[in-house]
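Proteins come first, then strands; the chains are lettered A, B, ... in the order of their sequence lines, and each starts at number 1.
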2 protein chains.
Amino acid sequence: MEPIAGGPAQLVLTASIARRYYVDGRSKVEIADEFRLSRFKVARLLDQARSSGLVRIEISHPGNVDLDLSARLQETFGLRRAIVVDTPEDDPAALRLQLGKAAADLLTEIVTADDVLGLAWARAVTAMTDQLTSLATVPVVQLTGALTRPDVEANSVELVRHTARLSGGPAYLFYAPLVVPDATTARALRQQPEVADAISHFDVVTKAVVGLGSWAAGQSTLYDAMDETACEQLRKRGVVADISGVFVDANGVPVQSKVTDRVIAINAEQMNAIDEVIAIPYGLAKVDAVRAAVRSGLVNGLVTHSPLARALLDAHNE
Amino acid sequence: MEPIAGGPAQLVLTASIARRYYVDGRSKVEIADEFRLSRFKVARLLDQARSSGLVRIEISHPGNVDLDLSARLQETFGLRRAIVVDTPEDDPAALRLQLGKAAADLLTEIVTADDVLGLAWARAVTAMTDQLTSLATVPVVQLTGALTRPDVEANSVELVRHTARLSGGPAYLFYAPLVVPDATTARALRQQPEVADAISHFDVVTKAVVGLGSWAAGQSTLYDAMDETACEQLRKRGVVADISGVFVDANGVPVQSKVTDRVIAINAEQMNAIDEVIAIPYGLAKVDAVRAAVRSGLVNGLVTHSPLARALLDAHNE
DNA sequence: ACGTGTGCCGCTCATATGAGCGGGTCCCTG
DNA sequence: CAGGGACCCGCTCATATGAGCGGCACACGT
């Protein structure tokens with residue numbers, strides 16, 4: 001693997017050839033010609049140069065996206081998209097900002113006029129839309145009700161409206177909470193004209209950005225907003241993650257329960273039908289939730305930060 | 001030249017492909033297959049990755065030889081050999097030691113059983129032979145007389161004898177000074193049997209290691225050993241370098257003069273007939289001398305240190 | 001001296017690759 | 001709305017390249 005070549009002249013020759021080939025981009029035949037060697041000899045020297053470590057190839061770029069980690073994450077988990085932002089930041093708000101920017105850039109890039117965009121309510125999604133500056137003209141569909149929290153200004157509606165305005169496309173939005181006290185209320189809400197209209201568009205959504213929470217206190221806005229009993233019940237059913245209102249267990253299997261009926265949001269089946277579903281998780285506490293979400297196949301795009309990406313890869317390799 | 005790609009997804013895709021291609025060594029066709037792209041698209045992305053600087057290729061190795069500089073020196077001046085030792089050392093003795101080692105390794109590598117080795121007297125050559133540990137069995141021919149200096153132990157004779165013993169081949173050596181007071185003495189010396197014998201072997205020498213001095217006080221052992229008048233006369237003739245007794249001007253043209261006749265050493269014509277002539281110059285004061293020596297075509301191999309190598313390249317590029 | 005193993009070389013032939021072309025699309029601009 | 005112009009794509013076809021083979025020289029043990 002690493003047996004550096006023989007004499008110094010050999011070494012210099014190999015380096016010259018490597019330079020001609022890799023830096024100057026000449027063909028091996030040309031090089032062979034120039035150095036009066038057979039092209040085979042040139043090829044062998046180049047092989048040796050690479051395997052001995054004389055030629056090192058690095059992939060990097062000036063931005064804050066860790067391309068190598070992104071690629072590995074994408075490949076390892078079979079994702080359609082993966083963006084890993086390389087930042088030492090660990091303050092959640094600042095992190096959200098950075099990931100939001102990366103996600104916004106991603107969305108700008110991948111959304112084309114043929115798409116229908118779905119947006120769920122989540123702080124990370126808000127962070128994204130806030131930094132969105134350009135978007136193809138597409139319909140924007142609200143995928144979930146909103147939760148009002150003292151520390152958050154925007155709600156799901158504003159998020160959708162803002163994005164649709166930016167895009168120039170129609171908005172399908174409604175005013176409703178993400179979770180209500182009982183199934184009956186939920187059913188009634190779902191029959192409201194605006195809600196029903198939005199829901200009727202769920203199956204034409206082609207790209208969506210969703211929230212992703214770990215099913216534990218402080219790790220999921222939905223968890224924190226729900227009553228203790230319901231949370232406990234879902235935990236007993238093996239729920240480890242909520243994907244904008246869709247509950248999944250550690251194996252990524254969606255969990256149906258009475259609680260599910262109280263949620264005003266896209267369901268597992270509908271989400272599964274969406275071509276690309278992107279989540280923006282951060283924080284090491286979410287490792288298991290992300291694994292579950294990815295395993296479920298519901299989420300096939302990730303925008304995250306390097307520590308979480310590394311943790312995911314580590315967890316995968318054991 | 002450096003317009004980094006478009007969106008982040010594009011970037012990650014390009015990085016993935018670059019990794020597959022450069023790191024994993026897969027073919028473009030395989031990659032195209034894997035990513036569902038045309039091989040042309042893959043090729044274009046890879047081109048872009050290289051030209052945008054996303055993929056960086058470096059050539060380096062753990063030793064103290066600067067391969068890149070060596071290669072550039074070799075190419076720029078059309079040399080057969082160039083070894084640039086990367087060292088911050090500037091103490092002449094320590095430098096000689098390092099260059100001597102590099103030159104010794106080089107000699108071990110390039111001298112084969114078919115060669116005839118010629119050695120001139122010079123401190124740097126002594127530094128080389130002292131560190132020579134292995135050499136093909138070849139005849140070793142003394143190319144110059146010796147100068148005895150208080151700070152030097154070995155002389156040309158010892159140098160040749162030692163090398164021949166190491167090699168196992170015959171030695172053609174003689175006892176004579178490098179320079180004598182008048183041409184008549186020189187002529188007489190050249191007819192001495194041992195001297196004549198060595199000289200008769202000059203034209204079969206295939207590889208030689210010579211000294212290289214700048215024609216100024218303290219920059220050439222020969223200069224320092226000669227009378228003021230002679231030095232001055234040669235300087236007036238435009239001499240800037242002495243190559244083990246061969247004087248050349250700034251354009252690399254050998255300078256004949258009455259002084260030349262007083263030197264017991266190989267002459268320009270004979271040196272020119274040698275396939276490889278290697279010098280081991282060091283110190284920035286020798287830039288012009290090295291340029292002249294290389295331009296003359298008499299010297300076609302260099303073992304030197306990085307500052308001098310850089311200075312040579314700089315001088316060439318202006 | 002004589003196998004014999006090892007390393008290096010250059011070959012053939014199937015495959016990968018590059019240069020350059022022409023046909024699209026989108027976006028200006030007149 | 002027509003006419004460029006600036007891409008971006010995938011094609012053809014000549015060329016470059018890789019896999020694997022047999023020949024050759026050298027080193028070594030018997």
Side-chain angles (χ1 to χ4, degrees), chain A residues 1-14 16-52 54-55 57 108-115 134-138 167-169, chain B residues 1-14 16-52 54-55 57 108-115 134-138 167-169:
Chain A
M1 179 73 181
E2 294 271 349
I4 299 283
Q10 172 89 335
L11 220 53
V12 171
L13 175 66
T14 307
S16 299
I17 289 176
R19 224 163 63 85
R20 273 272 183 286
Y21 187 74
Y22 287 110
V23 182
D24 300 348
R26 326 297 279 136
S27 82
K28 297 180 187 185
V29 173
E30 285 175 303
I31 296 168
D33 225 38
E34 178 183 345
F35 287 85
R36 312 292 192 89
L37 298 168
S38 79
R39 68 181 181 85
F40 305 100
K41 177 76 176 171
V42 172
R44 278 161 183 150
L45 284 174
L46 284 169
D47 283 350
Q48 193 197 330
R50 279 230 300 215
S51 68
S52 71
L54 200 137
V55 170
I57 300 181
T108 300
E109 181 185 5
I110 68 173
V111 169
T112 71
D114 299 333
D115 282 312
S134 158
L135 194 65
T137 301
V138 291
S167 149
Chain B
M1 180 72 181
E2 294 271 349
I4 300 282
Q10 172 89 333
L11 220 53
V12 171
L13 175 66
T14 308
S16 299
I17 289 176
R19 223 162 63 86
R20 273 272 182 285
Y21 187 74
Y22 287 110
V23 182
D24 300 351
R26 325 298 278 137
S27 82
K28 297 180 188 184
V29 174
E30 285 176 302
I31 296 167
D33 224 38
E34 178 183 343
F35 288 84
R36 312 290 192 89
L37 298 168
S38 78
R39 68 182 181 85
F40 306 100
K41 177 75 177 171
V42 172
R44 279 163 182 147
L45 283 174
L46 283 169
D47 284 349
Q48 192 198 330
R50 279 228 303 213
S51 68
S52 71
L54 199 139
V55 169
I57 300 182
T108 299
E109 181 186 6
I110 68 172
V111 170
T112 71
D114 300 333
D115 282 313
S134 158
L135 195 65
T137 301
V138 291
S167 147

A/Ser134: what forms a side-chain contact (heavy atoms from CB on, under 4.5 Å) with it, not counting sequence neighbours?
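Scan of A/Ser134 (side-chain contact (heavy atoms from CB on, under 4.5 Å), adjacent residues dropped) gives A/Thr108.
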Any donor-acceptor pair under 3.5 Å from A/Thr137 side chain to A/Gly168 backbone:
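Side chain of A/Thr137 to backbone of A/Gly168, a donor-acceptor pair under 3.5 Å: no, none is there.
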Whole angstrom is fine here: how far is it from CZ in B/Arg36 over to C1' in D/dC9?
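Computing the B/Arg36:CZ to D/dC9:C1' distance gives 19 Å.
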How close or far is atom P of C/dC8 from atom CG of A/Leu13, stated in whole angstroms?
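One finds 14 Å between P of C/dC8 and CG of A/Leu13, rounded.
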Spatial distance of atom CZ (A/Arg50) from atom CD1 (B/Ile57) [nearest 0.5 Å]
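The CD1 atom of B/Ile57 is 8.5 Å from CZ of A/Arg50, to the nearest 0.5 Å.
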What is the distance from atom CG of A/Leu135 to atom OG1 of A/Thr112, rounded to the nearest 0.5 Å?
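One finds 10.0 Å between CG of A/Leu135 and OG1 of A/Thr112.
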For the residue pair [X] and [Y], what are the closest heavy atoms and their distance?
X	Y	answer
B/Ile110	A/Ala9	CG2-CB, 4.1 Å
B/Ala136	B/Ala113	CB-N, 3.9 Å
B/Gln10	A/Glu109	N-OE2, 2.8 Å
A/Ala49	A/Thr14	CB-CG2, 3.6 Å

Which residue pairs satisfy the side-chain hydrogen bond (donor to acceptor under 3.5 Å, both in side chains) criterion with at least one member in residues 35-47 of chain A, sequence neighbours excluded?
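Counting only pairs at least two positions apart or across chains, no side-chain hydrogen bond (donor to acceptor under 3.5 Å, both in side chains) contact touches residues 35-47 of chain A.
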Pull out every protein N or O sitting under 3.5 Å from an N or O of nucleotides 25-27 of chain C, one pair per line with the distance.
none

Quickly, which of B/Val55, B/Val12, B/Leu45 forms a side chain to side chain contact (heavy atoms under 4.5 Å, CB included) with B/Ile17? Name it, please.
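Of the listed options, the one satisfying the test is B/Leu45.
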Using residues 22-29 of chain B as the side-chain source, report each donor-acceptor pair under 3.5 Å to any protein atom, sequence neighbours left out, with the distance given to one decimal.
from: B/Asp24; atom 1: OD2; to: B/Arg20; atom 2: NH1; distance (Å): 2.9
from: B/Ser27; atom 1: OG; to: B/Val29; atom 2: N; distance (Å): 3.4
from: B/Ser27; atom 1: OG; to: B/Glu30; atom 2: N; distance (Å): 3.1

Could you tell me whether the phosphate oxygens of C/dG10, OP1 or OP2, come under 4.0 Å of any side-chain nitrogen or oxygen in A/Ser38?
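For C/dG10, OP1 or OP2 has a side-chain N or O of A/Ser38 closer than 4.0 Å.
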Table of protein N/O atoms under 3.5 Å from nucleotides 5-7 of chain C N/O atoms:
none

Any B/Leu11 side-chain heavy atom under 4.5 Å of B/Leu54 side chain
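SC-SC contact between B/Leu11 and B/Leu54 confirmed.
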Heavy-atom side-chain proximity of A/Val42 to A/Phe35 below 4.5 angstrom
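A/Val42 does not reach A/Phe35 side chain to side chain.
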Looking at five pairs on each end of the helix from C/dA1-D/dT30 to C/dG30-D/dC1, what is the angle between the two axes, given to 10 degrees?
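Taking the rotation axis at each end, their angle is 20°.
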Contact state string [nucleotides 14-22 of chain C, B base, S sugar-phosphate only, - no protein heavy atom under 4.0 Å]:
--SBBBB--
